[in-house]
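Beneath this line is the structure, given in structure tokens, with notes to follow.
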There are 2 protein chains.
Amino acid sequence: MIPEATVARLPVYLRALTALADAGIRTCSSEDLATAAGVNSAKLRKDLSYLGSYGTRGVGYDVDYLRYQIAREIGVTQDWPVVIVGIGNLGHALANYSGFRSRGFRVVALLDADPERHEEIVAGVPVRPFADLEAIAREHAVAIGVIATPAGSAQDVADQMVAAGITSILNFAPAVISVPDGVDVRKVDLSIELQILAYHEQRKAHEHARVDADDHGAAALAVGGDA
Amino acid sequence: MIPEATVARLPVYLRALTALADAGIRTCSSEDLATAAGVNSAKLRKDLSYLGSYGTRGVGYDVDYLRYQIAREIGVTQDWPVVIVGIGNLGHALANYSGFRSRGFRVVALLDADPERHEEIVAGVPVRPFADLEAIAREHAVAIGVIATPAGSAQDVADQMVAAGITSILNFAPAVISVPDGVDVRKVDLSIELQILAYHEQRKAHEHARVDADDHGAAALAVGGDA
DNA sequence: AAGAGTTTGTGAATGGGAGAACAAATCACC
DNA sequence: GGTGATTTGTTCTCCCATTCACAAACTCTT
């Protein structure tokens with residue numbers, strides 16, 4: 001059983017290994033890979049140790065071999081059919097995102113409730129009515145669905161997805177959705193990320209103000225001491 | 001000092017409170033709010049306790065009052081100028097995302113290195129040359145930058161942002177970027193989220209296979225026992 | 001072949017967050 | 001004014017994740 005925190009980092013390692021392989025590097029140390037992935041080398045080694053013992057002491061890791069092992073563990077060696085619901089600005093961007101196809105994710109359908117969009121072809125895939133979800137999902141054995149609709153529709157879309165046999169949902173809508181046990185949901189929320197940054201930014205500003213005030217206080221105190 | 005995990009949830013509470021307020025609800029219990037935010041009520045109460053004591057025992061929380069307190073703590077009561085670099089599909093989607101403006105984030109500039117795009121106006125904001133970054137950032141006192149470029153340009157963009165005085169970066173490019181101390185980076189990676197789902201999906205499939213095998217084994221054993 | 005130098009894999013210690021459970025505080029009703 | 005019901009704020013315990021530190025294992029040189 002691999003810890004959740006480790007699972008979340010494995011794709012990062014995979015990407016770093018691909019970059020190293022593209023650069024013609026065939027072997028790397030945990031230190032090299034950790035730097036490329038932006039983590040601590042001890043954490044990297046511990047993470048990899050959950051998968052097995054794929055390195056060689058005194059040498060390091062074979063880039064291609066480790067890459068294959070991680071890809072197999074994550075499951076990106078297989079083909080994952082995906083449906084995207086909600087073809088607005090974000091849906092367009094997702095449909096055109098090349099990072100999906102290159103990692104084994106195949107967009108089998110784009111769905112939208114708005115009939116105006118049913119003429120469109122995005123990234124080579126025609127936009128179809130939302131009502132076709134179940135038929136398409138069953139036909140292609142789709143396990144993963146992406147929600148890129150407005151918040152108001154998200155729960156309804158999620159319900160339909162679950163009814164269509166989808167068991168993993170990536171939710172871009174700014175809404176909390178509830179699903180039955182056994183269905184995984186991951187949430188990506190653009191404005192929440194910005195708000196987290198704003199909090200830290202504000203704290204930096206306060207910190208500066210406080211330090212400045214302390215400096216002034218110290219200066220005044222020093223003057224007082226002198227007088 | 002508010003724990004990082006709590007900071008990450010405050011925007012969720014804020015959104016839930018706004019939804020409650022829009023529904024005309026003026027008071028709510030921790031249980032109500034926790035349900036709306038999709039968390040445990042004990043966790044919610046503990047999170048809120050870091051901000052202060054804004055509830056009333058036996059009653060609950062005043063929706064508007066709590067909303068203001070959280071907004072103030074996060075910093076979304078003020079105006080945050082933001083620049084977006086990289087106006088491809090994703091950049092377009094981000095520029096048009098209404099969730100930014102409604103939370104105090106104001107897109108003051110869209111930048112792209114490609115001269116072909118410099119004619120465009122997206123969401124009412126003209127696309128300008130990437131070289132103008134520093135001038136624009138200084139002029140508007142921009143603290144937050146968004147990177148929506150391909151992976152190859154991300155580090156260069158980040159370096160230029162830091163040079164322009166930006167101290168918080170939201171990175172959508174599938175690349176690890178390194179920045180000096182004092183600069184915050186948050187990363188949103190679409191394909192990593194899908195890969196995490198794929199891992200769990202694969203594990204579900206294996207689990208089913210194993211359970212099925214066990215069932216067959218148990219059935220065979222039962223038959224054997226009967227015989 | 002033996003020793004010096006690397007680098008992995010892992011046990012142990014530390015830190016932080018999640019959840020249960022309860023005391024303190026408030027309200028409603030009598 | 002007092003009693004019971006309700007809900008918050010907080011303490012305590014447990015669990016997960018991170019980091020340190022080192023023994024085991026390998027290569028290279030002499």
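Chain identifiers are assigned alphabetically (A, B, ...) following the order of the sequence lines, protein sequences preceding nucleic acid strands; residue numbering begins at 1 within each chain.
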A/E31 side-chain N/O to A/S41 backbone N/O, donor-acceptor pair under 3.5 Å: no
Sidechain-backbone polar pair: A/R103 side chain, A/G99 backbone, donor-acceptor under 3.5 Å: yes
Please report, rounded to the nearest Å, how far the [atom2] atom of [N] is from the [atom1] atom of [X].
{"X": "B/D62", "N": "D/dT7", "atom1": "CG", "atom2": "P", "value": "16 Å"}
{"X": "B/Y61", "N": "D/dG9", "atom1": "OH", "atom2": "C1'", "value": "7 Å"}
{"X": "B/N40", "N": "C/dA20", "atom1": "CG", "atom2": "C1'", "value": "9 Å"}
{"X": "B/L48", "N": "D/dT8", "atom1": "CG", "atom2": "C1'", "value": "10 Å"}
{"X": "A/M1", "N": "D/dA17", "atom1": "CE", "atom2": "P", "value": "10 Å"}
{"X": "B/L33", "N": "D/dT7", "atom1": "CG", "atom2": "P", "value": "14 Å"}
{"X": "A/Y50", "N": "C/dG9", "atom1": "OH", "atom2": "P", "value": "14 Å"}
{"X": "B/L44", "N": "D/dT10", "atom1": "CG", "atom2": "P", "value": "14 Å"}

Heavy-atom donor-acceptor pair, A/R45 side-chain to C/dG9 base, under 3.5 Å: yes
Check: B/K46 side chain, C/dG17 base, donor-acceptor under 3.5 Å: no
From [options], pick the nucleotide closest to the side chain of [X]?
{"X": "B/K43", "options": "C/dA18, D/dT18, C/dT10", "result": "C/dA18"}
{"X": "B/T56", "options": "C/dG17, C/dT26, C/dT7", "result": "C/dT26"}
{"X": "A/S53", "options": "C/dA18, C/dG9, D/dC26", "result": "C/dG9"}
{"X": "A/R57", "options": "D/dA17, D/dA25, C/dA18", "result": "D/dA25"}

Sugar-phosphate only, base, or nothing, as touched by A/E4 at under 4.0 Å among non-hydrogen atoms: sugar-phosphate
Sugar-phosphate, base or nothing in reach of A/Y54, heavy atoms under 4.0 Å: sugar-phosphate
Residues A/S29 and A/D32: side-chain donor-acceptor under 3.5 angstrom: yes
Earlier contact from the 5' end, DNA chain D, for A/P3 and A/V59: A/P3
Short side-chain N/O contact from B/S30 to OP1 or OP2 of D/dT8, under 4.0 Å: yes
B/R72 vs A/Q202, side chain to side chain contact (heavy atoms under 4.5 Å, CB included): CA-CA, chis, key distance, verdict: CA-CA 10 Å; B/R72 190 178 51 78; A/Q202 181 180 239; 5.8 Å; no
Residue A/R101 excluded, over 12 heavy atoms near CZ under 6.0 Å: no
